[in-house]
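All values derive from a computational prediction rather than experimental measurement.
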Amino acid sequence: MWSYALKRAGTTAVTLLAASVIIFAFIHIVPGDPIYVLLGDTATPDQIDALRHQLGLDQPIILQYLNWTGHVLEGDLGRSIFFQAPVLSVIADGAETSTLLATMTMIWVAVIGVPIGMIAAVRHGTWLDQGLSGAAMLMASIPTFWVGLYLILIFAAWLGWFPSSGYPSIFEGGVVNLRYLVLPSLALAAPNAALILRLTRASMLDVSREDYVRTARAKGIRPWQVVRRHIWRNALLAVVSAFGFTFAALLSEAVVTETVFALPGIGRLVVQSILRRDYPVIQGVILVIVVVYLLVNLIVDLSYRLLDPRVELQ
């Protein structure tokens, strides 16, 4: 496993290098100039040239990239053009919201998707299975922002059970502030839980057709023991893989949800930075997302061997 981890570390480094080139190039190709966002349309040519020189935007694009990557290797993602603060501190301000939102979403996905998927698989072919599968297909096809708006309407406007927007830090008001993330996490969890439900059901049905499962049933082992010992354990690998991709995908899906619920998270920061043409923040956030995505995939791959020692890592 250690040799595999070292190989993956090398692959990850090459992937990050390629990602940094793509990120930097595409962001600077996008039309717009942060100078005019900062100074406005009334700025004089001298003011524009002075600020462009101060920010280093008058240098050749290759030199700008080399300067950026050099600072990144030192742990410095640059300085925000708009906030006039280190990019790392700007990202850290929204990291709490996005991390807690993703964690709560994954809890909902696990609590809703996995057990219901198991029930649908065990009750395969019955009206309960058809009903749960149909509901899952419906939830997977509904846009996240639509779910979020109706959650706000029902549970915030009509019932008043949860706040409709914003998020004060738990470090300021305690864990009670997590109630601000209940509705956003449910909106994000709805389509993802539906996909996990479908995958859990399909994986368990595939495993249940194996010869060793038929043998276990022929021996007279109780049905719930067959499910627990033979079916669920062997169907777990596909589900774990899906959880890894789902968690990584939440980082991009959260952009819409954080905008709908006005959450001060990474997703909303990206949207604001794009509108302001804040290149260092956009580059830094996307690079952090790429790193998290790669780390999650590495952890998922390593977990295969822990769940099933027969799996060979290559």
Side-chain angles (χ1 to χ4, degrees), residues 80 82-83 85-117 135-136 139-140 142-197 240 242-273 281 284-285 288-289 291-293 295-296 299:
S80 169
F82 181 83
F83 294 101
V87 172
L88 279 176
S89 65
V90 174
I91 295 176
D93 290 339
E96 177 194 345
T97 305
S98 296
T99 301
L100 290 176
L101 177 61
T103 303
M104 289 184 66
T105 301
M106 293 306 299
I107 293 174
W108 286 120
V109 169
V111 170
I112 297 172
V114 175
I116 297 179
M139 292 307 300
I142 297 177
T144 303
F145 73 88
W146 189 89
V147 177
L149 291 175
Y150 269 86
L151 287 175
I152 292 174
L153 179 64
I154 297 172
F155 294 101
W158 291 353
L159 299 177
W161 291 356
F162 299 101
S164 62
S165 62
Y167 169 71
S169 173
I170 59 173
F171 298 106
E172 299 176 358
V175 294
V176 68
N177 286 340
L178 290 177
R179 62 195 180 95
Y180 284 85
L181 300 179
V182 172
L183 296 184
S185 61
L186 280 174
L188 269 176
N192 291 292
L195 295 176
I196 294 296
L197 186 158
V240 169
F243 266 101
F245 286 111
T246 300
F247 183 83
L250 289 178
L251 298 175
S252 57
E253 293 176 4
V255 172
V256 176
T257 304
E258 289 180 2
T259 302
V260 171
F261 288 90
L263 299 177
I266 299 292
R268 194 179 181 197
L269 175 64
V270 170
V271 175
Q272 294 174 341
S273 299
V281 174
V285 171
V288 168
I289 291 176
V291 171
V292 172
Y293 193 90
L295 288 177
V296 169
I299 293 172

Can you name the closest pair of heavy atoms from I91 and L269 and give their distance?
CA-CD2, 4.3 Å
Donor-acceptor pair, distance only, cut-off 3.5 Å: does the side chain of T99 make one with the backbone of E96?
no
If only atom types and distance count, is the side chain of N177 paired as donor or acceptor with the main-chain N or O of S169 below 3.5 Å?
yes
Value for CZ (F155) from OH (Y150), rounded to nearest 0.5 Å, stands at 13.5 Å
Return the orientation label for the Y167 and Y180 ring planes: parallel under 30°, perpendicular over 60°, tilted otherwise.
perpendicular
With side-chain contact (heavy atoms from CB on, under 4.5 Å) as the test, pick out the partner of S273 among V281, V90, V285.
V281
Atom CG of L263 and atom OG of S185: how far apart are they, to the nearest 0.5 Å?
10.0 Å
Between CG on residue N192 and OG1 on residue T144, distance to nearest 0.5 Å:
7.0 Å
Please round to the nearest 0.5 Å and tell me the distance separating atom CG of L153 and atom CH2 of W158.
4.5 Å
Rounded to the nearest 0.5 Å, how far does CD1 of I116 lie from CD1 of I196?
12.5 Å
Considering all heavy atoms of both residues, which atom of L183 and which atom of P163 are nearest to each other, and what is their separation?
CD1-O, 3.7 Å
For A136 and L197 the tightest heavy-atom approach is CB-CD2, 3.9 Å
V260 versus L149, closest heavy-atom pair with distance
CG1-CD2, 4.0 Å
Main chain of I266, side chain of S98: is a donor-acceptor contact present, judged purely on distance under 3.5 Å?
yes
For a quick check under 3.5 Å, do E258 and T97 share a side-chain donor-acceptor pair by atom type?
no
Check: W108 and L188 side chains under 4.5 Å, non-hydrogen atoms
no
Taken to the nearest 0.5 Å, the spacing of I112 CD1 from L186 CG works out to 6.5 Å
Walk me through it: do F145 and T257 pass the test side-chain contact (heavy atoms from CB on, under 4.5 Å)?
CA-CA 6 Å; F145 73 88; T257 304; over 6 Å; no
Quick one: closest heavy-atom pair of S89 and P86, and the distance?
OG-O, 2.7 Å
